[in-house]
There are 2 protein chains.
Amino acid sequence: MFFHIDYNSSQPIYQQVIEQIKLTIVNGGLKPGERMPSIRELAKTLKINPTTVAKIYNELAHQGVLVLRQGKGAFVAPKVVSLASEEIHRIVAEHARKILVEGLRFGLTREEIDLIIDAEYQSIRKGEQ
Amino acid sequence: MFFHIDYNSSQPIYQQVIEQIKLTIVNGGLKPGERMPSIRELAKTLKINPTTVAKIYNELAHQGVLVLRQGKGAFVAPKVVSLASEEIHRIVAEHARKILVEGLRFGLTREEIDLIIDAEYQSIRKGEQ
DNA sequence: CGGTCTGTATGATAATGTATAATACAATTT
DNA sequence: AAATTGTATTATACATTATCATACAGACCG
């Protein structure tokens with residue numbers, strides 16, 4: 001479990017860790033059912049406050065990414081998509097708009113943006129970070 | 001100049017407006033060289049504080065989206081890409097990773113994500129919001 | 001020139017978000 | 001029983017966000 005925190009980032013550390021945990025799950029570094037380090041353990045590893053890790057795990061549980069069980073630990077949720085497809089579409093489309101606006105304003109074409117996404121896709125699939 | 005502010009959003013209003021201005025420029029609703037409403041004017045229209053609009057314009061000027069001229073007004077910057085292509089790539093790739101992680105964790109395929117991006121692309125090109 | 005429009009800048013205030021710290025409680029495992 | 005887990009609270013500190021009031025400086029026009 002190697003997550004990296006950038007204290008100079010504008011992103012709060014709890015969001016950085018949330019992103020990295022999601023990424024690790026998506027690229028297969030963490031599998032459904034697998035046990036996460038305990039709140040206190042991860043806090044110690046990352047040298048951040050246990051309350052912050054609790055917030056991270058809670059948010060991920062709320063998003064359906066983790067399942068928390070008192071006394072047992074935190075586990076990667078089984079791959080069950082509970083959200084309606086319209087909701088999924090809305091979330092992804094929101095991200096799509098952002099990448100398009102950024103890309104287009106730099107003068108990139110739709111194809112060039114796609115190439116960058118493809119490269120990132122390969123990177124994720126290879127488990128790189 | 002019709003921007004909409006959602007006070008219930010988790011996004012701060014200055015970020016919402018920044019996004020919408022960028023989007024409007026990208027879809028042709030605002031053209032390079034065109035004059036923006038003055039800080040006080042936009043503040044009045046959106047019913048937010050002039051200081052907040054000043055922050056918005058400053059941030060956009062810093063990003064090279066607007067050019068501010070004291071006593072004259074704020075203008076959409078000419079289409080000059082000053083950033084190094086590596087920097088552009090880095091920014092877009094960061095967004096790419098986010099959309100991929102969200103899409104993949106919902107079980108979408110690379111192709112399905114691409115379809116959503118395409119739909120959003122058409123929507124932007126049509127000038128929809 | 002004088003007035004009015006611009007962006008620029010500052011200080012004060014308030015609400016919210018972020019992070020740490022200490023502590024206690026409840027469920028589970030050994 | 002002891003240890004480990006998640007859960008929950010309270011207090012504290014700092015940064016971010018947004019408002020408000022005020023003043024300054026460049027540009028333009030009659």
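In the text below, chain A, chain B and the rest are named by the order of the sequence lines, each starting its count at 1.
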Handout entry: A/K72 side-chain N/O to D/dT4 phosphate OP1/OP2 under 4.0 Å
Key = no
Practice task
Report the residue (B/Q15 or A/G71) whose heavy-atom-nearest nucleotide on DNA chain D is the more 5′ of the two.
Solution key: A/G71
Problem - Nucleotide nearest B/P12 when distance is taken to its side chain, options D/dT17, C/dT29, D/dT7 - result: D/dT17
Exercise for the section: Would you mind reporting whether B/R97 and A/E19 have side-chain heavy atoms less than 4.5 Å apart? Expected result: yes
Handout entry: A/R40 (side chain) and D/dG6 (base): donor-acceptor pair under 3.5 Å
Key = yes
Problem - Distance-only donor-acceptor test (3.5 Å): side chain B/Q70, base D/dA25 - result: yes
Practice task
Ignoring the backbone of B/I39, work out which of C/dT6, C/dG7, C/dA21 is nearest its side chain.
Solution key: C/dG7
Exercise for the section: State yes or no: do A/V65 and A/V76 share one hydrophobic cluster built from I, L, V, M, F, W and Y residues joined by side-chain heavy-atom distances below 4.5 Å, directly or via other members? Expected result: yes
Exercise for the section: Would you indicate whether the side-chain heavy atoms of A/Y57 and A/L42 approach each other to under 4.5 Å? Expected result: yes
Exercise for the section: Look at the side chain of B/T51 and decide which nucleotide, out of C/dG7, C/dA19, D/dA21, has an atom nearest to it. Expected result: D/dA21
Practice task
Counting heavy atoms from C-beta on, name the nucleotide in D/dT19, D/dG6, C/dT20 closest to the side chain of A/S38.
Solution key: D/dG6
Practice task
May I ask you to say what B/A54 touches in the nucleic acid, namely base, sugar-phosphate or nothing, with a heavy-atom cut-off under 4.0 Å?
Solution key: nothing
Handout entry: Pairing residues for A/E102 by the side chain to side chain donor-acceptor pair (under 3.5 Å) criterion, not counting sequence neighbours
Key = A/R105, B/K22
Practice task
Check whether any side-chain N or O of A/K55 sits under 4.0 Å from OP1 or OP2 of C/dA19, and answer yes or no.
Solution key: no
Problem - A/T52 side-chain N/O to C/dT20 phosphate OP1/OP2 under 4.0 Å - result: yes
